[in-house]
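Hydrogens, waters and symmetry mates play no part in the numbers below; they use all other heavy atoms, side chains included.
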Amino acid sequence: TYVLGAFYFREKATDLARADIAPGVTAPPSPAVLPNNFTNNTSWAIYAQGSFKLTPELAIELGGRYSKDKKIFRSLNIRQRDGVAFIDVTREGTFSKFTPRIGVNWQPNDDLLVYASYAQGFKQGGFNGRPLASADEVTRYAPEVLDTYEVGVKAQLLERTLTANFAMFHSIYKDIQLTVNQTPYNFVANAGRGRINGLEMELVARPVDWISFNAGVGYIDARYTEIGQGLGPTQILPITLDSKFVKAPKFTTTAGIEFRKDFDNDSGLALRGDISSYSRMYNDVANTALVAEPGYVLANARLTYTLPGGK
């Protein structure tokens with residue numbers, strides 16, 4: 001089997017804003033302005049993926065994507081007090097990348113699949129807008145690239161009353177794009193390199209028709225291995241090698257149970273409960289304690305009725 005495809009995207013956008021000074025506040029060196037941004041982006045890609053059987057039990061998957069993006073960005077800042085354009089700069093850049101995918105699947109029977117894969121991901125670069133004092137603040141950040149290696153097992157056990165899935169992965173991040181909020185300086189910059197190790201396990205049990213259970217656990221160890229230098233004197237990255245990734249809790253767990261009763265007219269009644277937990281996570285790149293999210297638990301319950309005829 002195989003898949004072939006193509007993608008094309010074009011956009012033009014205009015952002016006309018107004019930045020005022022609050023009454024009674026002394027004007028800073030960069031006075032109240034009308035910051036205007038103009039964007040012209042073109043993106044296209046072609047991709048293909050195929051699966052090929054080497055033996056009845058063994059198959060390989062080969063795929064790839066070529067992406068190309070062109071960005072033209074103009075930043076125009078006009079002083080409110082005299083209408084003078086003190087910043088008018090245009091930046092242009094092209095970002096392209098071929099990203100492959102390779103997979104190996106071994107399926108000795110209908111109830112067991114063992115797999116391994118390698119895939120590369122690509123996120124285009126761009127430009128920082130809304131400079132405060134100088135055109136030098138309209139900086140360019142590079143694309144980021146992610147290489148991921150994964151192995152796993154998917155199994156149906158006990159006459160298919162139990163489903164078990166397990167996966168381990170190792171990812172290498174290059175030129176990680178980080179959004180830094182240091183008002184009035186807000187920007188995107190590349191953070192150097194990082195690596196992510198993790199595992200996931202999921203169990204689903206259906207011992208009888210009217211009840212089912214599920215449980216899962218995830219673990220992620222994400223670390224910076226190299227720190228970038230930022231993009232200028234006003235665009236410095238507030239991170240160290242000990243900083244934590246944004247929104248990357250180390251542990252996640254889920255569990256659920258569902259009771260179901262089906263009736264002769266194809267109607268049905270189901271009662272379900274779920275619980276999930278997340279360990280501590282950080283919501284900004286500087287790992288600010290004030291906005292960090294402590295570990296928490298979510299619980300949900302729902303009662304569902306299906307109308308006669310399965311509607």
Side-chain angles (χ1 to χ4, degrees), residues 1-15 37-75 90-107 113-129 138-152 154 165 167-179 187-198 200 222 226 228 231 245-248:
T1 59
Y2 62 89
V3 174
L4 298 172
F7 167 85
Y8 179 80
F9 174 77
R10 176 76 183 271
E11 71 169 350
K12 289 186 176 181
T14 300
D15 175 22
N37 294 321
F38 306 90
T39 301
N40 188 344
N41 297 334
T42 303
S43 177
W44 63 269
I46 54 175
Y47 56 89
Q49 180 168 312
S51 179
F52 310 92
K53 279 189 172 291
L54 303 180
T55 70
E57 297 84 18
L58 185 65
I60 62 171
E61 294 181 349
L62 300 175
R65 175 185 174 116
Y66 179 78
S67 304
K68 188 170 184 178
D69 304 277
K70 182 177 181 180
K71 290 188 172 184
I72 302 174
F73 177 79
R74 181 189 179 199
S75 184
T90 299
R91 301 281 192 246
E92 182 175 333
T94 299
F95 311 94
S96 60
K97 183 72 173 175
F98 173 76
T99 51
R101 184 184 186 280
I102 303 171
V104 179
N105 299 325
W106 180 60
Q107 190 171 10
L113 171 65
V114 181
Y115 67 90
S117 68
Y118 161 76
Q120 187 177 76
F122 166 76
K123 183 179 179 181
Q124 61 184 299
F127 303 97
N128 286 299
V138 183
T139 50
R140 167 176 168 151
Y141 53 89
E144 69 176 15
V145 178
L146 178 68
D147 294 280
T148 296
Y149 306 82
E150 181 175 341
V151 294
K154 299 180 182 290
N165 300 323
M168 297 177 60
F169 59 89
H170 170 69
S171 299
I172 301 172
Y173 244 136
K174 301 174 185 176
D175 292 321
I176 306 169
Q177 293 177 5
L178 293 182
T179 300
F187 59 93
V188 176
N190 299 100
R193 293 172 176 257
R195 66 109 177 106
I196 305 173
N197 294 325
E200 297 175 345
E226 184 180 310
L231 298 174
F245 278 33
V246 175
K247 297 188 183 298

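Scanning for side chain to side chain donor-acceptor pair (under 3.5 Å) contacts around Thr179 gives an empty result, with sequence neighbours left out. The side chain to side chain contact (heavy atoms under 4.5 Å, CB included) check on Tyr118 picks up Pro100, Gln120, Asp147, Tyr149, with sequence neighbours excluded. In this view, Ser75 and Asn37 satisfy the side chain to side chain donor-acceptor pair (under 3.5 Å) rule, not counting sequence neighbours. In terms of the side chain to side chain contact (heavy atoms under 4.5 Å, CB included) criterion, residue partners of Arg195 (sequence neighbours excluded) are, by chain and number, His170, Asn197, Asp221, Arg223, Thr225. Every residue two or more places apart in sequence or in another chain that forms a side chain to side chain contact (heavy atoms under 4.5 Å, CB included) with Asn105 is listed here: Glu61, Leu113, Tyr115. Legend: residues meeting ring pair (Phe, Tyr, Trp, His ring centres under 6.0 Å) with Phe245, ordered by chain and number and at least two apart, are Tyr224. For Thr139, the side chain to side chain donor-acceptor pair (under 3.5 Å) partners two or more places apart in sequence, or in a different chain, are Asn128, Gln235. Contacts of Asp175 classified as side chain to side chain donor-acceptor pair (under 3.5 Å), with partners at least two apart in sequence or in another chain: none. For Lys68, there are no salt bridge (charged side-chain N to carboxylate O under 4.0 Å, His left out) partners at least two apart in sequence or on another chain. Applying the side chain to side chain contact (heavy atoms under 4.5 Å, CB included) test to Ala45 and every residue at least two apart in sequence or in another chain returns Phe7, Arg65, Ser67.
Across Ala142 and Gln177, no two heavy atoms sit closer than the pair O-NE2, 3.0 Å. Nearest heavy-atom pair, Lys71 versus Gly126, reported as atom, atom and distance to 0.1 Å: NZ-CA, 3.9 Å. Taking each heavy atom of Asn190 and Pro143 in turn, the nearest pair found is ND2-O, 4.1 Å. Taking each heavy atom of Thr99 and Gly121 in turn, the nearest pair found is CG2-C, 4.2 Å. Minimum interatomic distance between Val151 and Ala116 (heavy atoms only, all atoms of both residues): CG1-CB, 3.8 Å.
Between Ile102 and Leu62, some side-chain heavy-atom pair lies under the 4.5 Å cut-off. Taking 4.5 Å as the limit, every side-chain heavy atom of Asn40 sits out of range of all side-chain heavy atoms of Lys70. Between Phe95 and Phe122, some side-chain heavy-atom pair lies under the 4.5 Å cut-off. Taking 4.5 Å as the limit, some side-chain heavy atom of Leu58 sits within range of a side-chain heavy atom of Val104.
Listed for the Arg140 side chain is no donor-acceptor partner under 3.5 Å among the backbone atoms of Gly93.
Applying the side chain to side chain donor-acceptor pair (under 3.5 Å) rule to pairs touching residues 47-60 yields nothing, sequence neighbours excluded. Applying the ring-ring contact (aromatic ring centres under 6.0 Å, His included) test to every pair with at least one member in residues 51-73, sequence neighbours left out, gives these pairs: Trp44-Tyr66.
Note that the CE atom of Met168 and the CD atom of Glu200 stand 11.5 Å from one another [nearest 0.5 Å]. Taking CD1 of Ile72 as the start and CZ of Phe38 as the end, the distance is 14.0 Å to the nearest 0.5 Å. Atom-to-atom distance recorded for Trp106:CH2 and Leu54:CG is 14.5 Å, nearest 0.5 angstrom.
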Check the pair Ile196 / Phe169 against side-chain contact (heavy atoms from CB on, under 4.5 Å), numbers first and verdict last.
CA-CA 8 Å; Ile196 305 173; Phe169 59 89; 3.9 Å; yes

Show your working on side-chain contact (heavy atoms from CB on, under 4.5 Å) between Thr39 and Lys12 and close with a plain yes or no.
CA-CA 6 Å; Thr39 301; Lys12 289 186 176 181; over 6 Å; no

